[in-house]
Structure formats: C-alpha cells, structure tokens
Amino acid sequence: VSWSIENLSIPNGLIYPQPSTQKGRTDVNCVTNWNVPLVWEGTFDPIVIDAIYKKTNPRVGVMIFAVGKYTGFLKGFLETGEKHFLTDFRVTYYIFTDNEKEVPAIALGKGRKITVLPVPSAKRWQEVVFGRMKWATITIDKQIRNEADYLFLMDVDSLFHNRIGAESFSRLSAVLHRGYYKNTERANFPYERHPESRAYIPVGEGDYYYTAAVLGGYLEDIYNLVRYCYEQSEEDSKNKIEAVWQEESHLNKYLLYNKPTKVLSPEYLWSDYDAVPADIKVVRISQLKKNYAEVRPN
Ligand code: U5P
C-alpha cells in the first residue's frame with residue numbers, strides 16, 4: 001500500500017524560499033538520538049510539507065471522547081479545529097459520547113465530517129480515560145480501519161490556536177509533555193515505578209515523557225499502540241493495579257521500546273495553566289483550564 005512508504009513528491013513549479021543547510025533553530029534540538037525529527041516552529045516550510053502530503057490526499061481520522069459533562073468542550077474543539085487543524089485535508093472527527101444529543105451542529109469545511117459513536121456513561125473518570133483505549137481498539141477493528149489512513153487521538157478539553165499541518169504526519173507521532181520537556185532528569189519523569197505494573201519503567205531508562213492527550217500516526221500503528229495500552233491496563237486491573245498516570249503510563253512504556261517516527265514539540269499541546277516560554281514560538285493546541293470537581297463524574 002502507498003502508506004507504507006512516504007512519497008515526498010511535490011507539484012511541479014511550486015514556489016517557496018530556498019532551504020538552508022546552515023540556518024535553522026539553534027535554541028532547541030531538532031532531532032532525536034534515533035535520528036527522527038523533533039518538530040518545532042521554524043524546522044519546516046508549511047507550503048512544502050502540506051504540498052507533499054496533499055498529493056496523496058490522505059483520509060485523516062480524529063478520535064475524541066466526550067463522555068458526561070465533557071460534551072461541553074466539543075463546540076470549541078470542533079470550531080477551532082476547523083480553523084487550524086489540517087485545513088484542506090479530508091478529516092473525519094470520530095466523537096465517542098454517551099450523549100449524542102449534546103453533539104453540537106458545527107459548520108464543517110469541504111471533505112470534513114463528524115461520525116458519532118455511542119459509548120456507555122462512566123462512574124469514575126478513570127473509566128473514561130482507560131475506556132478510550134478499549135473503545136478505540138474495538139472501533140478501529142469494526143469501522144475506522146476502512147475509513148482512515150492517518151489516525152489521531154486527542155483530548156477534547158482543548159482549543160486549537162494555530163496551524164497544525166502535514167508536519168504532524170508520520171508512521172507514529174508523539175508529543176512531548178510540556179511539563180517535562182527540558183531540565184528534567186529521566187529519573188524524575190512520572191513513569192510508573194512499581195515493578196508489579198505492566199507500565200513499569202526502571203530508573204535509568206527512558207527517552208522523553210510523552211503526553212497521552214495528542215497522538216497520531218498511520219492507522220495500523222495507532223491501532224497497535226491503543227490495543228497495547230488497553231491490554232496492558234486490563235492485565236494491571238486483573239492484578240488490582242492502576243498505573244500512576246493511567247493509559248499515559250502504558251503509552252510511555254510502549255514509546256520507549258517502540259520509538260516514535262516523529263516527535264512533536266509541546267507546541268502541539270500546551271496548557272492555559274502555564275506561561276509560554278521563549279522556545280515555544282507557537283502554541284498550536286492548548287488545554288483549557290477546567291474545574292475538575294465540576295466536569296468529572298467523581
Ligand atoms: N473524558 C471524558 N469524560 C470524563 C473524563 C474524561 O470525556 O468524564 C475524556 C475527554 O476527552 C478528556 C480526556 O479530554 O478523556 C482526558 O481526561 P482529562 O484528563 O482531561 O480529565
């Protein structure tokens with residue numbers, strides 16, 4: 001299939017500034033030690049990269065969960081997504097919800113649609129968070145596999161503020177957690193440290209600490225990842241264990257031993273709680289402040 005090899009052709013005659021071998025970002029590292037890109041503003045030309053991927057016109061799926069009061073976040077997420085997220089690409093938002101009536105009617109761009117998928121309500125917020133991996137696994141098997149080439153999984157309680165384009169595409173793209181992307185020894189990453197958990201990572205190992213709130217990649221690679229997180233957390237729960245950061249702990253273990261093919265800087269998920277430092281030149285998505293007591297079931 002065409003998706004197993006990234007095709008880097010562009011339209012003849014596309015005009016863009018000459019790329020340099022000398023100039024570029026010097027304040028941040030733009031490559032990992034397994035030699036894949038670490039993506040920051042200023043490391044790509046949006047015209048060039050979008051042109052490359054538009055040629056293959058991929059079908060992009062975005063899985064978002066809005067269970068209980070979180071349906072209130074859908075409007076802002078979708079409206080700002082339509083302004084900034086892969087505009088000019090084919091995008092389907094897969095909205096997993098226990099309350100279809102609360103899914104707002106949003107004007108969508110050409111080639112873009114919403115598919116609503118019913119899921120059960122939850123008593124504990126942890127049920128939703130773990131349940132995402134389960135419902136994502138089941139629904140990819142049942143439906144999405146035939147409908148998407150690239151697949152994203154995102155938290156709904158956030159807004160898009162700036163462009164996210166084809167630079168986010170790769171086989172497996174993961175986002176650095178804003179809280180630990182610099183000045184943090186890996187021994188201090190909030191990995192699961194109990195050897196009894198399937199998410200256990202020993203002190204002395206680790207690359208980065210990734211967020212579970214934004215993820216993307218080829219459909220099959222995302223499928224393998226979500227199924228892994230689902231199965232590992234099921235094993236833990238049989239042993240009466242819940243990993244310290246739920247599915248994010250399992251995700252970090254997976255990504256340590258199955259390296260992402262692209263690492264996205266915290267531009268791809270910042271937070272309204274945190275001041276924006278100088279090396280974050282553009283905030284593309286930001287998590288909203290929320291009243292946990294109000295929005296979570298327990
Ligand atoms: N979520 C819900 N309902 C809940 C808790 C979580 O839909 O009661 C989903 C949302 O998509 C949210 C994501 O963005 O799980 C992560 O949860 P949180 O860590 O933001 O609470």
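Indexing begins at 1, ligand by ligand and atom by atom, following the structure's order. Side-chain atoms are counted along with the backbone in the values below, which use heavy atoms only and exclude waters and symmetry mates.
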Please walk me through it: do Tyr257 and Glu205 pass side-chain hydrogen bond (donor to acceptor under 3.5 Å, both in side chains)? CA-CA 10 Å; Tyr257 301 116; Glu205 291 191 44; 2.6 Å; yes
Which residues share a salt bridge (charged side-chain N to carboxylate O under 4.0 Å, His left out) with Arg186, sequence neighbours left out: none
Under a single-linkage rule joining Ile, Leu, Val, Met, Phe, Trp and Tyr whose side-chain heavy atoms are separated by less than 4.5 Å, which residues share a cluster with Val282? none
With distance as the sole criterion, is a donor-acceptor pair present between the side chains of Glu82 and Tyr93 under 3.5 Å? yes
Which protein N or O atoms sit under 3.5 Å from any N or O of ligand 1? Give each pair with its distance.
{"from": "ligand 1", "atom 1": "3 (N)", "to": "Val67", "atom 2": "O", "distance (Å)": "2.8"}
{"from": "ligand 1", "atom 1": "7 (O)", "to": "Phe65", "atom 2": "O", "distance (Å)": "3.4"}
{"from": "ligand 1", "atom 1": "7 (O)", "to": "Val67", "atom 2": "N", "distance (Å)": "2.8"}
{"from": "ligand 1", "atom 1": "11 (O)", "to": "Phe65", "atom 2": "O", "distance (Å)": "2.5"}
{"from": "ligand 1", "atom 1": "14 (O)", "to": "Val156", "atom 2": "N", "distance (Å)": "3.0"}
{"from": "ligand 1", "atom 1": "14 (O)", "to": "Asp157", "atom 2": "OD1", "distance (Å)": "2.7"}
{"from": "ligand 1", "atom 1": "19 (O)", "to": "Arg296", "atom 2": "NH2", "distance (Å)": "3.4"}
{"from": "ligand 1", "atom 1": "20 (O)", "to": "Asp157", "atom 2": "OD2", "distance (Å)": "3.4"}
{"from": "ligand 1", "atom 1": "20 (O)", "to": "Lys290", "atom 2": "NZ", "distance (Å)": "2.9"}
{"from": "ligand 1", "atom 1": "21 (O)", "to": "Tyr70", "atom 2": "OH", "distance (Å)": "2.6"}
{"from": "ligand 1", "atom 1": "21 (O)", "to": "Arg296", "atom 2": "NE", "distance (Å)": "3.2"}
{"from": "ligand 1", "atom 1": "21 (O)", "to": "Arg296", "atom 2": "NH2", "distance (Å)": "3.0"}

If you look only at pairs with a residue in residues 38-57, which of them pass as a salt bridge (charged side-chain N to carboxylate O under 4.0 Å, His left out), with sequence neighbours excluded? Glu41-Arg284, Asp50-Arg163, Lys54-Asp88
Between atom CG of Asp155 and atom CG of Leu288, what is the distance when rounded to the nearest 0.5 Å? 10.5 Å
